[in-house]
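Here the structure is a predicted model, which means the values were calculated and not measured.
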Amino acid sequence: MSLKDKITSLLFSPKPQLEEEEEFDTVQASVTEEVTQTQTNGILDQALLELPSEHPIHRLYDQRRKQSGYLPSPRICLDEDGVLPPELLQREKNRIQTILKGMCNARLKEAKGGKNKGGGKAKADPKGKGKGDGKKKKKEPEEGPPVLDALPCFILSADKLYAWLIVFPPIGPGEELSRDLLYQALMEHGISFGVDTRLVDRLSRDEKRYFNLFLIARGKPAFDGKNGNIVDHFPRVIERVLEVDEFDQVDYTALNLIRNVKKGQEICRLIKPTEGEPGRTVLDQELPAKSGKSVPLPKGRNTEISDDEVSLLASIAGHVEFTGRSFQVKPVLDIPGNVDFSTGNINFLGDINIQGDVLSGFTVRAMGNIQVAGAVEAGSTVEAGGDLVVVKGILGDGTTVIRSHRSVFSKYIENSTIYVRENLQTDCIINGHIYCDGEVQVRSGRGSIMGGRIWAAKLVSARAIGSQSECRTAIALGGLPCTNFEREVIQHELKGLEMELERLECQLDSPTKTSLLSKTRMKLSVAELKLKQLEDDLADIQMELEQDNNGRLECSIAYPGTEISFGDEMVRLRHESRQCVAKLINGEIILM
């Protein structure tokens, strides 16, 4: 019964439940057997060498069959057991076919050459007399059929890791294949490593010993050692991306920019390289192997290497950061409450984690990241060498200044001046003065920008810009906003120093006046040098800035009173615009 009939009878014939289960198990076993057989056949087909009808092996086969009667057909399969890698089979197929053809032609030529078992040939006339010597030549006996012993032939793979055997049968009353003949042939060819002795022992009795290819020896491949590796316990790159939940709210406490580490805690571990394992060919020749390369532990500031030299440990408690080449531990200053009169102004070389608010009139500066769990109040100053996170927002009064040399994340920004070298993300900006060298994203929460001036080098993206009351909201794009902010700060400082110098010069001469004049003139000179250097740098890249007009504005709705500018080009919206996109194309601001 065919497989199809079995399944049909199982599905539609009424049988007791036990019989149905037995029948199902039988059919399932048949299907599994057929699938396995199909997979095995696929592997063998890949290893099987197809020989054309004109191949010389068929002539040798016919010659042997006439001599001995029945003989299994030639079968050239590189891998009967399915143990060789497919890429090796693909690589060796054509090569073995060429070598095999040469061997068969040589055997045919030898069989037609009239050699006997001892290798002798018909003798020539010792006197050298030819047909025209005038005398009657003595008739010599005709030479009989050649007598040749069985001939084991070996084919080595290109890398000499594998050796295949094919045996040509004897011709005439020659010696059949024997175990001693095989071992003698292996010795003559130098094949001594990885020989399949069981195959050698049974091959002399196997009826398929002739015109079949056998994998007679397998060498040991060389394995190169693995390179050393570093397993990190702290991420090298901290993703500063805020995710918006289903209520369109952002959890600013989930950034976790400060990765705390305890003293003696492991930062990363070294996986040492391994030694290479040499191999051997079937000719018992050694195959060299390369050893793995070692990698150094990325040791940085405030870290140390363990005694066994496999671990990088923190030498102090603090915040782990990867600087591009090494891990370093920055000290973390943890403020359990507010920054107020109990703490005073804070100036710290590492990271600062503030559990409360930054109260009005206080200053917080850090070389690393600053995280504020509360709010930054009016009249305060915060400057971070890394990222700044303010969970509850920044509430200024026009004098609040925030600086970050990376990115700023805040719930809201109101009446504050923000200087940010990378990106800014917030829910709302009200009457803010923003200088951003990257992107300003105001899409979460209310997603509105009302009043003030936003200057972003790359992108301003918000839901709503301006208000229905047509309050003036300026959006500037392109250029170098942070550099411009620095110039404004220096110009403001210069103006103050000039006024101070004029005030001092009006005072009566005194030692105090002389000292203050000297200090003020020194500060004035330094500020002038800074301004000159800054303006020179701006002049050098002015042409590049004019050609680079990659700034872009995207908003769902822009209200009248919104001003959009690219350098000297400016447009003021007179009407409400929805799904607004603004770009500078060919020197003209285009609203799409």
Discussion item. With ring pair (Phe, Tyr, Trp, His ring centres under 6.0 Å) as the rule and sequence neighbours excluded, what pairs involving residues 573-592 come up?
Written reply: none
Worksheet item: When rounded to the nearest 0.5 angstrom, what distance separates CG in Asn338 from CG in Leu359?
Response: 5.0 Å
Fill in: ring pair (Phe, Tyr, Trp, His ring centres under 6.0 Å) pairs, two or more places apart, involving residues 489-514
none
Worksheet item: Roughly how far, to the nearest 0.5 Å, is the CD1 atom of Ile434 from the OG1 atom of Thr417?
Response: 7.5 Å
Discussion item. Looking at Glu87, I'd like to know if its CD atom is crowded, meaning that more than 12 non-hydrogen atoms belonging to other residues, nucleotides or ligands lie closer than 6.0 Å.
Written reply: yes
Worksheet item: Counting only N and O atoms by type, is there a donor-acceptor contact under 3.5 Å from the side chain of Thr514 to the main-chain atoms of Ser510?
Response: yes
Practice prompt. Mind listing the closest non-hydrogen atom pair of Gly350 and Ala366 along with its distance?
Written response: O-CB, 3.5 Å
Discussion item. Can you pull out every side-chain hydrogen bond (donor to acceptor under 3.5 Å, both in side chains) where at least one residue sits in residues 357-368? Sequence neighbours excluded, please.
Written reply: Arg365-Glu383
Response to the item:
So CD1 of Ile429 and OG1 of Thr473: to nearest 0.5 Å the spacing works out to 10.5 Å
Fill in: Heavy-atom closest pair, residues Gly451 and Cys471
N-SG, 3.8 Å
Item to complete: Answer whether the closest heavy-atom distance between the side chains of Val420 and Asp437 falls below 4.5 Å.
Response: no
Discussion item. Restricting to ring pair (Phe, Tyr, Trp, His ring centres under 6.0 Å), what partner residues turn up for Phe348, sequence neighbours left out?
Written reply: none
Worksheet item: Ignoring hydrogens and geometry, is there a side-chain-to-backbone donor-acceptor pair from Thr562 to Pro560 under 3.5 Å?
Response: no
Worksheet item: Would you say Ile475 and Ser565 make side-chain contact, with heavy atoms under 4.5 Å?
Response: no
Worksheet item: Which atom pair, heavy atoms only, marks the closest approach of Lys272 to Asp308?
Response: NZ-O, 4.1 Å
Discussion item. Per the side-chain hydrogen bond (donor to acceptor under 3.5 Å, both in side chains) rule, what does the pair list look like for residues 444-460, sequence neighbours excluded?
Written reply: Asp427-Ser444
Worksheet item: Would you say Asn302's side chain and Ser315's backbone share a donor-acceptor pair under 3.5 angstrom?
Response: no
Worksheet entry | Non-hydrogen atoms of Gly368 and Lys330 that approach each other most closely | CA-NZ, 3.9 Å
Item to complete: Search all heavy atoms of Glu321 against all heavy atoms of Asn369 and return the closest pair with its distance.
Response: OE2-ND2, 4.5 Å
Discussion item. Could you check whether atom CD of Gln90 has more than 12 heavy atoms from other residues, nucleotides or ligands sitting under 6.0 Å from it?
Written reply: no
Worksheet item: If you measure from the Lys or Arg side-chain nitrogens to the Asp or Glu carboxylate oxygens, is any gap between Arg521 and Glu498 under 4.0 Å?
Response: no
Discussion item. Let's go through Arg503 and Glu505 carefully: what are the C-alpha distance in whole Å and the side-chain angles of both, what is the deciding distance for salt bridge (charged side-chain N to carboxylate O under 4.0 Å, His left out) to 0.1 Å, and is it a yes or a no?
Written reply: CA-CA 6 Å; Arg503 187 183 64 81; Glu505 288 177 347; over 6 Å; no
If you look only at distance, which donor and acceptor atoms sit under 3.5 Å apart when one is on a side chain in residues 481-491 and the other is two or more places apart or in another chain?
from, atom 1, to, atom 2, distance (Å)
Asn484, OD1, Arg487, NH2, 2.9
Asn484, ND2, Glu488, OE2, 3.0
Glu486, OE2, Tyr419, OH, 2.8
Glu486, OE2, Arg421, NH2, 2.9
Glu488, OE1, Tyr435, OH, 2.8

Fill in: Side-chain donor/acceptor of Asn423 to backbone N/O of Glu439, under 3.5 Å
yes
Fill in: Sub-4.5 Å side-chain heavy-atom contact between Lys583 and Ile590
no
Fill in: Side-chain donor or acceptor of Ser407 paired with backbone N/O of Leu424 under 3.5 Å
no
Worksheet item: Are any side-chain N or O atoms of Ser404 and backbone N or O atoms of Gly386, one a donor and one an acceptor, separated by less than 3.5 Å?
Response: yes
Worksheet entry | Residue pairs, two or more places apart or on separate chains, that pass side-chain hydrogen bond (donor to acceptor under 3.5 Å, both in side chains) and touch residues 523-532 | Lys532-Asp536
Worksheet item: Tell me, which pairs form a salt bridge (Lys or Arg N to Asp or Glu O under 4.0 Å) where one or both residues lie in residues 289-299, sequence neighbours left out?
Response: none
Worksheet item: Checking side-chain contact (heavy atoms from CB on, under 4.5 Å) for the pair Asn353/Ile335: CA distance, chi angles, key distance, verdict?
Response: CA-CA 6 Å; Asn353 187 15; Ile335 308 296; over 6 Å; no
Practice prompt. For the pair Thr520 (side chain) and Leu517 (backbone), establish whether a donor and an acceptor sit closer than 3.5 Å, ignoring hydrogens and angles.
Written response: no
Worksheet item: Just by distance, do the side chain of Ser515 and the backbone of Thr512 share a donor-acceptor pair under 3.5 Å?
Response: no
Item to complete: Dump the intermediate steps for side-chain contact (heavy atoms from CB on, under 4.5 Å) on Val390 and Leu388, then the final yes or no.
Response: CA-CA 7 Å; Val390 185; Leu388 171 64; 4.0 Å; yes
Can you give the donor-acceptor pairs under 3.5 Å from side chains of residues 262-271 to other protein atoms, not counting sequence neighbours?
from, atom 1, to, atom 2, distance (Å)
Gln265, OE1, Lys262, N, 3.0
Glu266, OE1, His233, NE2, 2.6
Glu266, OE2, Arg269, NE, 3.2
Glu266, OE2, Arg269, NH2, 3.0
Glu266, OE2, Ser311, OG, 2.4
Arg269, NH2, Ser311, OG, 3.3

Discussion item. For Leu591, is the CG atom crowded, meaning more than 12 foreign heavy atoms sit under 6.0 Å from it?
Written reply: yes
Worksheet item: Looking only at heavy atoms, which two atoms of Val358 and Val382 are closest? And how far apart?
Response: CG1-CG2, 4.4 Å
Item to complete: Kindly state each residue pair satisfying ring pair (Phe, Tyr, Trp, His ring centres under 6.0 Å) with at least one member in residues 355-397, sequence neighbours excluded.
Response: Phe341-Phe362
Discussion item. Testing the 3.5 Å rule here: is there a donor-acceptor pair between the side chains of Glu275 and Ser291?
Written reply: yes
Worksheet entry | Spatial distance of atom CD1 (Ile418) from atom OG (Ser410) [nearest 0.5 Å] | 7.0 Å
Discussion item. My understanding is that only residues two or more places apart in sequence, or in another chain, count here; which of them pass side-chain hydrogen bond (donor to acceptor under 3.5 Å, both in side chains) with Asp159?
Written reply: Ser157
Worksheet item: Between Glu493 and Lys495, does at least one N-O distance fall below 4.0 Å, as a salt bridge requires?
Response: no
Worksheet item: If you measure from CD1 on Ile564 to CD1 on Ile465, what distance do you get to the nearest 0.5 Å?
Response: 6.5 Å
Item to complete: For the pair Leu553 and Val581, evaluate side-chain contact (heavy atoms from CB on, under 4.5 Å) and give the outcome as yes or no after the intermediate values.
Response: CA-CA 5 Å; Leu553 169 66; Val581 176; over 6 Å; no
Discussion item. List the residues meeting side-chain hydrogen bond (donor to acceptor under 3.5 Å, both in side chains) with Thr399, not counting sequence neighbours, and say none if there are none.
Written reply: Asp397
Worksheet item: Quick one: do Glu470 and Arg572 make a salt bridge, cutoff under 4.0 Å?
Response: no
Worksheet item: Looking just at side-chain N and O atoms, do Ser467 and Ser469 make a donor-acceptor pair shorter than 3.5 Å?
Response: yes
Worksheet item: Arg236 and Thr323: side-chain donor and acceptor closer than 3.5 Å?
Response: no
Worksheet item: Do side-chain atoms of Asp340 reach the backbone of Ser342 as a donor and acceptor pair under 3.5 angstrom?
Response: yes
Item to complete: Drop me the distance from Ile394's CD1 to Ile402's CD1, to the nearest 0.5 angstrom.
Response: 4.5 Å
